[in-house]
Number of protein chains: 2
Amino acid sequence: MQPLDISSYLGRLQDYYARERIIPSTTQLSTLWNVKARSWTHQIVQRLKEENFLENAPGSRLRPGPRFFERTLGPGVRAGRPQQAADVQPELLRIDDYLIEKPSQTILFPVKGDSMTDLGILEGDMVVIERSDSASPGEVVLAIVDNELTLKVLARDKEGYYLEARNEARSKEYPPIRPRHKLEIYGFYVGLFRKTQVPGHRLHRPGFGR
Amino acid sequence: MQPLDISSYLGRLQDYYARERIIPSTTQLSTLWNVKARSWTHQIVQRLKEENFLENAPGSRLRPGPRFFERTLGPGVRAGRPQQAADVQPELLRIDDYLIEKPSQTILFPVKGDSMTDLGILEGDMVVIERSDSASPGEVVLAIVDNELTLKVLARDKEGYYLEARNEARSKEYPPIRPRHKLEIYGFYVGLFRKTQVPGHRLHRPGFGR
DNA sequence: TTGAATTCAGAACAATCGTTCTCTATAATA
DNA sequence: TATTATAGAGAACGATTGTTCTGAATTCAA
């Protein structure tokens, strides 16, 4: 609709950003885009901002806007497909950014045991924990009980705070934990990530499509 | 080892970057760090560059360096208390590198439905898919069935290849999928990540420890 | 107590920054 | 053809940039 074909400029900028992880200044954008006049570069940037491909960062610098990472799926998926696949290039989106909001207060913990499988937290998963010494009932917390770190759901009744597991199938093995002396919160659960055991041999086994 | 305790500066910068997605100028770093002199800010930046937390981007700007996204990795959740000994070097992990091995062939895919909950794959999770048009039985694959992308387990019997769900409790709702014509593999599942709905209100609710 | 790092502050520098202004080409439209 | 919007160029503005220099205050070991 817009008369200026912005997509070629955007494309080159996206490539640049994938390489350098930075939106350059107008001067450098000029050379990147082969535009002689910085004023015109500035104009193009304005359009990109209007279209939400770019936005202003503090200090009147630029950063990628909400639509900057949009991308259609690669070949192989026919048109008319349900818009399900993430229109995101992993090289451009940092999972790290998505998962962690306060890096300085965030720690990763490997999960042991199956006490939280009902919440999709399995043994071997890495949980993202944001440090905090307080939490609310219903939150998943990493707590220190009797000098041990445990990931459980914080709960409360008339007797006070306690910890619950989330594994209905084996609920007898995981009774509520009532701390003998004190219940110390280490942090609360904000997310997790999981990597399957890489089937390095998968390339050599026979299978579908081969 | 280094005389200047750089970690507090780094921490605040990491938090800033998580918010703004940009490394600010020295002037703004000064206010962020409460340093009066830009020269001193510049000095700290030099140290951060030496330690590979920052690096130079084109245009003499700054961008995160290789170590900027390292996260401290706690011990196993059921193991003893972490960092009792201060001199124990904490393990470090970069989530993106950990999760994605072949960026150019990897896409992210948001999970819909609960057909794979037995494998700890819940609705809203982001699965990491490595592109491949072939797979082996037993692998979790992203397949294109009837022009729709589905995450299922690839299986095989005498009749040929088909797809299975993994939700025993509701197995009747997810019968095996035998493709009408052909079964097209889009890629295979290598991992996932999940972010809980950020409880922004959590700070205001009463709870334990407050 | 001396001396040397270290930690900070302030001033100053040329270079670059984003932005605005006026001025041509070019293309489309009427 | 004349008109008009678009695409591009060039100059110029004050502000901010990264960087360097000098010089205090503080710390700490000799």
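Chain A is the first sequence line, chain B the second, and so forth, proteins listed ahead of strands; every chain is numbered from 1. Since we're looking at a predicted model, the values are computed, not measured.
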Please list, in numerical order, the residues of residues 26-37 of chain B that have a heavy atom closer than 4.0 Å to any atom of DNA chain C.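 Going residue by residue through residues 26-37 of chain B, the ones with a heavy atom under 4.0 Å of DNA chain C turn out to be B/Val35, B/Lys36, B/Ala37.
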Please confirm whether A/Arg131 makes a cation-pi placement over A/Tyr186, using NZ or CZ under 6.0 Å from the six-membered ring centre and within 45° of the ring normal.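 So A/Arg131 does make the cation-pi contact.
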Quiz item: cation-pi between B/Arg94 and B/Phe69, 6.0 Å / 45°: no
Find the distance [X]:[atom1] to [N]:[atom2] and express it as a whole number of Å.
| X | N | atom1 | atom2 | value |
| --- | --- | --- | --- | --- |
| A/Ile22 | C/dT16 | CD1 | P | 16 Å |
| B/Gln43 | D/dC21 | CD | C1' | 12 Å |
| B/Lys49 | D/dG18 | NZ | P | 10 Å |
| B/Leu62 | C/dC17 | CG | C1' | 15 Å |
| B/Ile23 | D/dT16 | CD1 | C1' | 18 Å |
| B/Trp40 | D/dT20 | CH2 | C1' | 15 Å |
| B/Gln46 | D/dC21 | CD | P | 13 Å |

For [N], take OP1 and OP2 only and decide whether either is under 4.0 Å from a side-chain N or O of [X].
| X | N | value |
| --- | --- | --- |
| A/Arg47 | D/dA7 | yes |
| B/His42 | D/dG18 | no |
| A/Tyr9 | D/dG8 | yes |
| B/Ser25 | D/dT16 | no |

For the pair [X] (side chain) and [Y] (backbone), establish whether a donor and an acceptor sit closer than 3.5 Å, ignoring hydrogens and angles.
| X | Y | result |
| --- | --- | --- |
| A/Asp97 | A/Ile100 | no |
| B/Thr150 | B/Lys152 | no |
| B/Asn52 | B/Pro66 | no |

Would you call [X]-[Y] a salt bridge at under 4.0 Å N-O?
| X | Y | result |
| --- | --- | --- |
| A/Arg63 | B/Glu20 | yes |
| A/Lys102 | B/Asp15 | no |
| A/Arg170 | A/Asp114 | yes |

What are the atom names and distances for every N/O pair under 3.5 Å that joins the protein to nucleotides 22-25 of chain C?
none

Residues B/Phe109, B/Tyr189; criterion ring pair (Phe, Tyr, Trp, His ring centres under 6.0 Å); working and verdict: CA-CA 10 Å; B/Phe109 186 83; B/Tyr189 163 84; over 10 Å; no
If you assign each of B/Arg38 and B/Arg61 to its closest nucleotide in DNA chain C, which residue comes earlier from the 5' end? B/Arg38
